Novice: 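Before anything else, here's the structure in question.
Given the structure is predicted, the values throughout are model-derived calculations rather than measurements. Order of the sequence lines sets the chain letters (A, B, ...), proteins ahead of strands, with each chain counted from 1.
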Amino acid sequence: MISEIVVDLSRLQFAATALYHFLFVPLTLGLSWMLFIMESVYVMTGKEVYRDMVRFWGKLFGINFAMGVTTGITMEFQFGTNWAYYSHYVGDVFGTPLAIEGLMAFFLESTFVGLFFFGWDRLSKVQHLLVTFLVALGSNLSALWILIANGWMQNPVGAEFNLDTMRMELSSFADLIFNPVAQVKFVHTVSAGYVTGALFVLGISSWYLLKGRDLPFARRSFAVAAGFGLASVLSVIVLGDESGYTTGEAQEMKLAAIEAEWETEEPPAAFTLVGFPDQEAQVTRMAVKVPWVLGLIATRSLDEPVKGIKELVEENWLRIRSGMIAWQLLQRIRAGDRSPETMAAFDQHAENLGYGLLLKRYVEDPSLATAEDVDRAALDTVPHVATLFWSFRAMVGSGFLMLFIFAMAFWYCARREFNHRWLLRLALYGMPLAWLACEFGWIVAEMGRQPWTIAGVLPTHLSASSRSTGELWFSLGGFLFFYTGLLVVELYLMFKYARLGPSALHTGRYHFERATGGGLAVQPAQRME
Amino acid sequence: MLLDYETLKIIWWCFMAVLLIGFALTDGFDLGMGMLLPFVARSDEERRVAINAVGPTWDGNQVWLITAGGALFAAWPLVYAASFSGFYVAMLLVLFALFFRPVGFEYRNKLEDPRWRTFWDWGLFAGGFVPALVFGVAFGNLLQGVPFHFDPDMRSYYEGSFFALLNPFGLLAGVVSVALLAMHGAIYLQLRTGGAVYERCRIAATWAALLYLVAFALAGLWVSFGIEGYRVTGMPDPGTSFGPLAKSVTRASGAWLDIYRTHPWAMAAPAAGFLGALLTILFSRFDRPGAAFLTSAAAVTGTLLTAGLSMFPFVMPSSSHPSHSLTLWDAVSSHRTLELMFFATVLFLPLIVLYTSWVYRVMWGRIDTQVVQENRHNLY
């Protein structure tokens, strides 16, 4: 058994580095399409301001993109360094989308991003537009493949256990890529990225409008962001991935935990607006409920029940019992007994092998687990309810606030009114909402998957590498040091260049360049390139 | 399935070689540029010359490494798991050093302060030097075998420590790698720059190539007479699915030379290393960087293939439990996954080479301080 502390530190490290990586990814996903939209307008109309928009927002895109690349390498390394048993156990299935992601998406995105920045004078207008398109396409394809991989962790379809190699192996590639959980996840996540990109441009443009600087540039940026953002935020909300929670075993538990629904209610279930979930007592205190809504959201029907946590725990208890038998039979098979009876008996219990492995947290040999161990393992299948409950509400709350901002922005944009200072301020100070929503969404998705790395197949505590706590502290300390330093640098540059605005392009047409009256001359304080 | 399992296992050894060589050939000169940056370029403008010689393409080149990691995960999951977790501290050092590259390239010119720029110059140096060194040291340790074993559930346990990796042969392999990529980087800079940077790279290329030749020859002698290799003495039918615990392995002095006895053509690999580096010196000194780049590429390819072929069919031998060693036969994914990934690679790799070549063609041209002055707002 590997020590709990190593597992906890490995989890902390993965969660921290993934959440950190996810500060930069959504902006890349959204901003890349917005650059493509702006550049399309430039190619069609030939108006220089749109070219300036692509170049300026592209500069900010570059500052963010560099961090995305930096923190992305970590993710590719970390499955191997910290989750070695996981890598062995599911590499056959999980590694495939990751490798295809590299071949199909990363190469595309990273090869053309250099041309996006440096190819302006060497490419025709249409060629450069194509390059921008390929960067956006590459980013979004990488999201597709990583979410296929992640979707498989939530709902592991198209794979089976191989007795000879002691691991999960791919049985259907089609099932893997058409996994409904992965599909819903992809649409939801990239849309969230588009919202992030849109709010970024909307917020910063609002600041220029508030300051009365570079108005034509700011208005056009604001308009593109308002339109793109409204469409995206509607997509996120309408295609929210709650509908995906009805498929997949651990997904049901996740849904019940998000809603803090302890008991299975008579359909259609009520939606708990707010309340204080108590994991020990298995009740939600001071709950404010809205009748019918949960049943409608989760099942899209009035008569299908949404299973409660207690019922799911009871089901899992039975599966753990079955998993103990599967484990016992597996040992017999590995010792050489491949008689038809043993194999048939194993086949009967094989689907619950992962539940048997949950007991490994308490006993080396799951078949020797006591009734108490089984009870504890069954309760372990409930993720931390309060975290999910509140993270989900923070995500949805941020989403609706952003819907309001984009709807207002779009409305006033259509009326050519850019002078509503309350809205401009709201868009500016509301910018963190996009990142909050993304991070909370990620917490819901991944904390809700616990105690599994692969739902129903492989428990988290078995997945970690057998490293020492000292090494874990070294790596955690390293990440803390480098990531904090890099974030400070990134934010400093981002604020500096956002404040400078299109003057950073040195075209001689914008605010700080004209302020000196000398055309190309730039004040020393603002001089940078 | 179209291809039988045994053939696919061999093909995947070749693909892993292609991906790693692709990484060393392309990102190799980017790493080399980083290592040389503080020395071949002195003023800020000279450094921008060197940086912008790789500026538009380094990111795509780095994807060879990322994709090799992903392919390792998909095709050889046990190798990915055992090596990345086994070399834990070393891999994290590589990772931390690589952090300096994306931000180093992108952020360096964003502020004018010379201290800021010097900081990132040394960041780019670390981002080139540390990975080159650690990858070399890792290969040096693979050749000696590393101490790890599996329990019956196939959980891997690494019994060594980070400092045990820094043994004399491991460090020598590190020198081979650093010198090789420094040479490759210097030649690429000769190809893409002019002026003082070009002149200094010419000197650097010669010294790096000489250092490489000495270190590579020493390593060869050491492998021949000093290090015990590994031999598979029995294993199940290679066309079937089995784990690494199902075979038997012995250690023997000179076993790493087996392939050169049974397949003499394999000698081409070390020969390419030696000849490539010698010719590189010659072409570099006679100001023929184009030809020098080809010979330098041959040396890079030859060196990697020498390491890979010597160990064939081993990928990660275990010194403490030789029969637990990972080979291309038993550390691989299932038949279905290997075939699927085979088609994905055959489909995408030529496309990647095609569009990468186009990007190079568009961005081609010699960069000197004048170009940097004229484009000071648009370049890195």
Novice: Give a yes or no answer on whether the side chain of A:Arg334 reaches the backbone of B:Pro152 with a donor-acceptor pair at less than 3.5 Å.
Specialist: yes

Novice: Mark yes when over 12 heavy atoms from residues, nucleotides or ligands other than A:Tyr492 sit less than 6.0 Å from its OH; otherwise mark no.
Specialist: no

Novice: Between B:Trp64 and A:Phe107, what is the ring plane arrangement, given parallel below 30°, perpendicular above 60°, and tilted in between?
Specialist: perpendicular

Novice: Report which part of B:Phe162 has an atom under 4.5 Å of a heavy atom belonging to chain A: side chain, backbone, both, or neither.
Specialist: neither

Novice: State whether a side-chain donor-acceptor pair under 3.5 Å links A:Thr111 with B:Tyr355.
Specialist: no

Novice: Is the backbone N or O of B:Asp153 less than 3.5 Å from a side-chain atom of A:Tyr85, with the two atoms forming a donor-acceptor pair by type?
Specialist: yes

Novice: Taking all atoms of both residues into account, what is the closest heavy-atom pair of B:Ser156 and A:Ala84, and its distance?
Specialist: OG-CB, 4.5 Å

Novice: Are side-chain heavy atoms of B:Tyr88 and A:Ser465 found at a separation under 4.5 Å?
Specialist: no

Novice: Does some side-chain heavy atom of A:Met67 sit less than 4.5 Å from a side-chain heavy atom of B:Tyr107?
Specialist: yes

Novice: If I take atom CD from residue B:Glu106 and atom CZ from residue A:Phe65, how far apart are they, to the nearest 0.5 angstrom?
Specialist: 9.5 Å

Novice: With a 4.5 angstrom heavy-atom cut-off, which part of A:Glu109 approaches chain B: side chain, backbone, both or neither?
Specialist: neither

Novice: Taking side chain as everything from C-beta outward and backbone as N, CA, C, O, which of these in B:Phe73 sits under 4.5 Å from a heavy atom of chain A? Side chain, backbone, both or neither.
Specialist: both

Novice: Check whether any side-chain heavy atom of B:Trp116 lies under 4.5 Å from a side-chain heavy atom of A:Val489, and answer yes or no.
Specialist: yes

Novice: Take the angle between the ring planes of A:Phe112 and B:Trp358 and call it parallel below 30°, perpendicular above 60°, tilted in between.
Specialist: tilted

Novice: Nearest 0.5 Å, please: how far is CZ in B:Phe84 from CD in A:Glu76?
Specialist: 8.0 Å

Novice: If you define the side chain from C-beta out and look only at heavy atoms, does anything of A:Tyr89 sit under 4.5 Å from B:Met154?
Specialist: no

Novice: So does B:Pro77 get a backbone contact from the side chain of A:Arg167, meaning a donor-acceptor N/O pair under 3.5 Å?
Specialist: no

Novice: CG/A:Leu108 to OG1/B:Thr356 distance, rounded to the nearest 0.5 angstrom?
Specialist: 9.5 Å

Novice: Using a 4.5 Å cut-off on heavy atoms from C-beta on, say whether the side chain of B:Arg155 contacts that of A:Ser466.
Specialist: yes

Novice: Is there a side-chain contact between A:Phe77 and B:Val94 (heavy atoms, below 4.5 Å)?
Specialist: yes

Novice: Does the side chain of B:Phe96 come within less than 4.5 Å of A:Phe481's, by heavy atoms?
Specialist: no

Novice: Just so I know, are the side chains of B:Phe242 and A:Asp164 near enough to count as touching, which here means a heavy-atom distance under 4.5 Å?
Specialist: no

Novice: Under the side-chain contact (heavy atoms from CB on, under 4.5 Å) criterion, do A:Ile100 and B:Met341 qualify, and how do the steps go?
Specialist: CA-CA 8 Å; A:Ile100 297 178; B:Met341 286 307 303; 4.0 Å; yes

Novice: Select one option (side chain, backbone, both, neither) describing which atoms of B:Ile352 are under 4.5 Å from chain A's heavy atoms.
Specialist: side chain

Novice: Among B:Ser334, B:Ser241, B:Pro244, find the one that has a side chain to side chain contact (heavy atoms under 4.5 Å, CB included) with A:Thr165.
Specialist: B:Ser241

